[in-house]
Amino acid sequence: MRKVREEMFPQQNKNGHLYWGNCDTVALAQKYGTPLYVYDENLILKECQALKDDFLDKYPNTRVAYASKAFNTIAMLQLIKDAGLSLDVVSGGELYTAIAADFPAARIEFNGNNKSVAELEMAIDYGVGRIIVDSLQEVALIQQICQQLGKKAHIMFRITPEVDVKTHAFISTGQKDSKFGIPLEPAVLYPQIEKVFQAENLEFYGFHFHVGSQLSDNAAHLAATQVALNLMLEVKKRYNYQVKELNFGGGFGVCYTKEDIRQPYRYFLDPMMELTAAFCLENDLVRPEIVIEPGRSIVAEAGITLHTIGAIKELPGLRKYVSIDGGMTDNIRPGLYHAQYTGVVANKVDEKPTQKVTISGKACESTDLLIKDLPVPDVCAGDIFATFTTGAYGYSMASNYNKLPIPAVIFTKDGQAEVVVKRQTYAQMIQNEVKR
Ligand code: LLP
């Protein structure tokens, strides 16, 4: 399903201004300054509802754990908590934020390919619902910590499903040559599972995979589902143990530009659930609880970034650079993955394009180009530029390179705007530095 531009970016134009969450983005830029991340809360809630319609309400015994690496802030996690979803965290910092948001421990899943002792202690102490084991050293470590703290842990194994993934190599994780997951090699995998069975304070739940990110084709998800189902059957045969849970990861793609295809959740999930049901029936297995871990698809399209246009440099016959007051420090994705974006001049949305320009960032780095050859109307310093679909992996991957402060984050809803992350100050940037 290819979305048309208006569907992709459900913007309202009033007085030639871009509105987001029914708020005038030009007024937001004036009031809160730029760069500024702006989310429409209703668009996030719409995604949560789509997950309920296509998955949670359609199939019993299912969970959705929001992969918070896409955008992990207290306000966002409160929203996810209130929507009734579970949460995936991958570090002490993400977990700390979840605890600060009073996120119920039982609904938290802890992923990560190299969890530290301190992180595991924090997770086990808080009593997280699942620990997803990703390395051969981890089981013994978890067991030891559980013993020390007198706690129990619910264990899943992240496997490397060894499937081909059609996405950017940098965000593909399901292939055999990957740092993620436990290899499928029986001599490696089964002794680990046996260790969990033998440990008093560990309970084995099942298998987890995540094939990659920003996918619009379900082939890799389906191939990996088959791998996980085969493992479940093998565990039944070897140990007469019925796996309780399978986690199919995230990876559902979104629209950055009109070239992207956004598939509905059911496009991925219906065939995976059908395959699972048929396999269980055929092999006399109980269909386990099915969990998914979407990150990007819940928040990406709900977020935009506002920048102020500054320097404009024209190279006749070659290119026109239009510089903004942020760039790779608030959105590393174009520089890191050659990710494509689109945007508009927020105070001139009604004006016709007159030229093609390259929107460039302010960091001292040649790769700091946000959008190449974008048609825009006549622009000048002081205009506000809005980039669409920056809600996932924008704020969460922001950096202080060139000592640029991390921008503020605003949630908008039905015409109301609220600061959910304040802009970092210069003083905060150097607060941990020691003057000698
Ligand atoms: N579960 C696991 C175990 C993951 O590793 C990931 C993403 C997800 C879930 C969520 O995937 P999503 O639904 O967001 O595609 N920084 C990159 C994306 C890296 C994703 C890594 N893992 C980017 O900006 O494209």
Side-chain angles (χ1 to χ4, degrees), residues 44 47-48 50-51 55 63-72 76 80 85-91 94 108-115 130-135 138 156-161 165-175 178-182 207-218 220-221 224 228 246-257 260 262-263 265 267-269 272 290-303 305 328 330-341 370 387 389-399:
I44 302 174
E47 290 302 331
C48 297
L51 284 159
F55 187 58
R63 294 202 310 275
V64 174
Y66 165 61
S68 68
K69 59 177 77 83
F71 176 56
N72 176 302
M76 178 63 195
I80 290 296
L85 303 190
S86 294
L87 188 70
D88 156 36
V89 299
V90 294
S91 69
E94 286 189 357
I108 299 180
E109 336 227 320
F110 191 22
N111 265 291
N113 71 302
N114 185 25
K115 305 175 192 76
R130 300 285 178 276
I131 299 181
I132 296 158
V133 168
D134 197 316
S135 79
E138 216 177 308
M156 304 276 292
F157 276 73
R158 177 172 179 173
I159 48 138
T160 317
V165 189
K166 290 194 191 103
T167 189
H168 194 294
F170 291 174
I171 49 176
S172 165
T173 49
Q175 72 282 6
S178 166
K179 74 167 182 171
F180 298 105
I182 297 173
F207 297 103
H208 170 290
F209 66 76
H210 172 75
V211 286
S213 211
Q214 182 54 10
L215 293 165
S216 55
D217 184 300
N218 61 15
H221 278 91
L246 293 179
N247 185 320
F248 294 161
F252 316 117
V254 301
C255 282
Y256 287 93
T257 72
D260 293 318
R262 169 122 201 204
Q263 304 284 10
Y265 292 109
Y267 162 80
F268 291 93
L269 297 170
M272 290 163 88
I290 304 293
V291 187
I292 55 168
E293 270 172 9
R296 186 192 315 265
S297 58
I298 294 181
V299 276
E301 292 172 3
T305 311
M328 68 187 298
D330 56 72
N331 184 0
I332 187 87
R333 301 190 73 259
L336 198 55
Y337 316 118
H338 301 139
Q340 308 281 311
Y341 283 85
L370 189 62
T387 312
T389 320
T390 58
Y393 306 109
Y395 174 83
S396 66
M397 295 179 86
S399 81

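Just so you know, ligand 1 is whichever comes first in the structure, and atom 1 is the first atom listed for that ligand.
Within the listing of ligand 1, atoms 12 (P), 13 (O), 14 (O) sit less than 4.0 angstrom from a heavy atom of G295. For ligand 1, the atoms sitting less than 4.0 Å from at least one non-hydrogen atom of A67 are 8 (C), 9 (C), 10 (C), numbered in the order shown with element in parentheses. Residue-ligand proximity, M397 to ligand 1, at heavy-atom distances under 4.0 Å covers atoms 16 (N), 24 (O). When each atom of ligand 1 is checked for a heavy atom of S213 under 4.0 Å away, the hits are 11 (O), 12 (P), 14 (O), 15 (O), 20 (C). Listed by number with element, the atoms of ligand 1 under 4.0 angstrom from any heavy atom of P294 are 13 (O).
Between E47 and R262 there is a salt bridge, since at least one side-chain N of the basic residue sits less than 4.0 Å from a carboxylate O of the acidic one. A salt bridge is defined here as a Lys NZ or Arg NE, NH1 or NH2 lying under 4.0 Å from an Asp or Glu carboxylate O, and E94 with K69 fails to meet this definition.
Contact analysis puts G251 in contact with ligand 1, with a non-hydrogen atom separation below 4.0 angstrom.
Judged as a salt bridge (charged side-chain N to carboxylate O under 4.0 Å, His left out), and not counting sequence neighbours, the contacts of D134 are R158. Under the rule for a ring pair (Phe, Tyr, Trp, His ring centres under 6.0 Å), the partners of F71 that lie at least two apart in sequence or sit in another chain are Y39, Y395.
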TODO: Test ring-ring contact (aromatic ring centres under 6.0 Å, His included) on F248 and F209 and set out the steps.
DONE: CA-CA 5 Å; F248 294 161; F209 66 76; 5.4 Å; yes
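Within the set E109, E293, Q214, R296, the minimum heavy-atom distance to atom 2 (C) of ligand 1 is found for E293.
Ring geometry for F252 versus H221: interplanar angle under 30°, hence parallel rather than tilted (30 to 60°).
The shortest non-hydrogen separation linking Y256 to T389 is CE2-O, 3.2 Å.
Remark: ligand 1 and S297 share no N or O pair separated by less than 3.5 Å (distance only, no angle test). Considering backbone and side-chain atoms alike, A70 places every N or O at 3.5 Å or more from each N or O of ligand 1. Ligand 1 has a nitrogen or oxygen under 3.5 angstrom from a nitrogen or oxygen of Y393.
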